[in-house]
Amino acid sequence: MNPLSNLRSLLWKLKKDEVKTLLLFLDFQIPAANRPSKSAQLTSILLDENTYSTNDIQKTIYGKPNPTAFYKLVSRLKEKVYEVLLLDQHINEVSYTLRNKVIFGLKKRLLISELLFNRGATEELENRLKEIVRDAKDYEIYDVLSQALNVLRRLYIVRKRKKLVDETSTEIAFYKKAEFLVDNANSEFSRMMNRINFSFDTREYYSDLLILVSKLNEWYKETKSASIGYSYYLLSVEQFQTQGDYKNSDRCLVELGKMLEEKPVFSTKNRLGTWRLNYASNLLHLKLYNEAYLNSQMAYNLFQGVALNEILSLEVMFYSRYYNDEFAESEKVLLKAMSKLKGVDAIVNERFKFYSAVLLFVNGDYKQAEAELNALHDLKKDKEGWNVMRKIYLLLCKIELGEYDYVDLQTQSLHKYIKRINSLKFINPRYIIILRILSKLANLGFDYNFTYKSRKKYFDLLDGEDSQLAWKVKSPELINFTDWFKKKLK
């Protein structure tokens, strides 16, 4: 892109008030003139919806082609645009995040402080720098903080205040280390969350998760950084939830909520939304479904415009209604989520289609449920999790439809599939027991009462509290198998 095209693109990104300020600024430089400045003329031409050639623009401004003067004009105008963008009135008016507004403001204040120091205008400089240091600490803007402390130290050196020089040097060293640890924590947190989001089995990352939580705990205690604390609490929640300890994960989430409340300057919409979503998800495990719905709804509102996070919030809203037996309401949430799935990861997309198939099953439309389950090609990639449950639900559809010959054959086929997969990957033992019960049911001619009595020990295991065998919320087993089976007993 040539300099003129760059300038045109930049001008078209300005708000109306910024253009107005720019034109006033440009014409103010030649108050005696009866016509707009050359820079103002160029601005008006480039903001015209019509496109003019470089040659035509030069003739309009200079009366003839003058490329040397013209490109100097283009360069000067671009610098003037940058100056307008830096005006406080425009930084505060544009929809930057609060944190970004603070960063821009602090950097301007720091630049002014350095200019004052170099000009020897140091009368009010110490107080100015202390205010910058205070705000940079509050927002954990470490690059600005380090620079401000360095200028402050130079000021103390000039004034021969040795004690303050030493104290400031210690502070600089502390915050340089804090910056390093915060950067490390953010990087490690992002990598771990990526592994968690794209893993089918917690054993793929659990040992590394424990190590990272321990490190984050140490760093948080050392720095008192809210940024590190945020990562520490969220991954602690993941750790406790993996252990099935939802009370401790609730405690961590409450602590995180307090920290965000105490640090409003740190509480971005994204962070508040992430906290609300995690809190709602944990409430599902505590079977507090109405509270889970309200919190996931708040998360959804905070995530407006962030497609994947909106969808994840809607997913928890769906679960909240579904587990509360509000199937009509859960279907409304599901439809809303499915209208937003364009461009989202294929596995996430098909999870929602899986939920749709389960609702069809719950509502007795077994034929359509079967068709939708068969169409889930991407979900088959999760061979040991969602796909096993997909195959089990296909068997349940066939049982409900009375197609028993199919059930007998497919039960044997699924046994072979699980045996093959289990040699390579972990298969949820609950699914293996469910399949054994279905095999026995087929062998006994679909006599539910006799099957239940002969396999009572299996049902006791599935209904027990063993973390490996107990039914779990937010698992592919949306319909609790033992509940479904017991409804068949006479």
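The residues of the chain are indexed from 1 along the displayed sequence.
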Does either side chain, that of [X] or that of [Y], offer a donor lying less than 3.5 Å from an acceptor on the other one?
X	Y	answer
Asn387	Tyr417	yes
Glu218	Tyr232	no
Ser214	Asn217	no
Lys486	Thr482	no
Asn194	Arg191	no
Ser320	Asn290	no
Arg321	Asn324	no
Tyr431	Glu477	no

Between Leu11 and Arg8, does the side-chain contact (heavy atoms from CB on, under 4.5 Å) criterion hold? Intermediate values first, please. CA-CA 5 Å; Leu11 286 169; Arg8 186 196 306 274; 5.8 Å; no
Between [Y] and [X], is there a salt bridge with N-O shorter than 4.0 Å?
X	Y	result
Lys456	Asp460	yes
Lys340	Glu310	yes
Asp245	Arg251	no
Glu329	Lys332	yes
Asp138	Lys263	no

For Ser227 and Asn186, run side-chain contact (heavy atoms from CB on, under 4.5 Å): C-alpha distance rounded to whole Å, both residues' side-chain angles, the deciding distance at 0.1 Å, then the answer. CA-CA 8 Å; Ser227 180; Asn186 290 339; 3.2 Å; yes
For [X], does the [atom1] atom sit with more than 12 other heavy atoms under 6.0 Å from it, leaving out its own atoms?
X	atom1	result
Lys269	NZ	no
Glu465	CD	no
Phe327	CZ	yes
Tyr300	OH	yes
Asp405	CG	no
Lys488	NZ	yes
Lys472	NZ	yes

Taking all atoms of both residues into account, what is the closest heavy-atom pair of [X] and [Y], and its distance?
X	Y	answer
Ala299	Leu277	CB-N, 3.7 Å
Phe240	Cys252	CE1-SG, 3.6 Å
Ile399	Tyr404	O-CE2, 3.7 Å
Leu253	Val237	CG-CG2, 3.5 Å
Asn449	Leu489	OD1-CA, 3.5 Å
Ser236	Val213	OG-CG1, 3.6 Å

Does the cation-pi check pass for Arg271 over Tyr230, that is, NZ or CZ under 6.0 Å from the six-membered ring centre and within 45° of its axis? yes
Show every donor-acceptor pair shorter than 3.5 Å between a side-chain atom in residues 169-178 and any protein atom, with sequence neighbours excluded, or say none if there are none.
unit_1, atom_1, unit_2, atom_2, d
Ser169, OG, Arg153, NH1, 3.0
Ser169, OG, Val165, O, 2.9
Thr170, OG1, Asp166, O, 3.1
Glu171, OE2, Lys137, NZ, 2.4
Lys176, NZ, Ser146, OG, 3.4
Lys177, NZ, Glu222, OE2, 2.7

What do the steps show when you test Ser5 against Asn2 for side chain to side chain donor-acceptor pair (under 3.5 Å), and what is the final call? CA-CA 5 Å; Ser5 297; Asn2 64 43; 3.1 Å; yes
Before giving the answer on side chain to side chain donor-acceptor pair (under 3.5 Å), spell out for Lys474 and Ser281 the whole-Å C-alpha distance, their side-chain angles and the decisive distance to 0.1 Å. CA-CA 9 Å; Lys474 292 187 70 182; Ser281 183; 2.7 Å; yes
Any idea how Phe459 and Phe485 line up, ring-wise: parallel (<30°), tilted (30 to 60°), or perpendicular (>60°)? tilted
Using 30° and 60° as the class limits, which term best fits the ring planes of Phe361 and Tyr393: parallel, tilted or perpendicular? tilted
Close aromatic pair by centroid cut-off 6.0 Å: Phe352 and Tyr355: yes
Ring centres under 6.0 Å, that's the criterion: do Tyr289 and Tyr322 meet it? no
Partner of Tyr323 under ring pair (Phe, Tyr, Trp, His ring centres under 6.0 Å), chosen from Trp471, Phe318, Tyr293: Trp471
Output side-chain donor-acceptor pairs under 3.5 Å for residues 369-377, partner residues at least two apart or in another chain, one line each.
unit_1, atom_1, unit_2, atom_2, d
Glu370, OE2, Lys398, NZ, 2.7
Glu372, OE1, Ser356, OG, 3.2
Asn374, ND2, Glu370, O, 3.3

Quick one: pull up CZ in Phe104 and CG in Leu85 and give me the separation to the nearest 0.5 Å. 10.0 Å
May I have the step-by-step check of side chain to side chain donor-acceptor pair (under 3.5 Å) for Tyr142 and Gln147, ending in yes or no? CA-CA 8 Å; Tyr142 291 108; Gln147 290 176 57; over 6 Å; no
Ser439 and His415, any side-chain heavy atoms less than 4.5 Å apart: yes
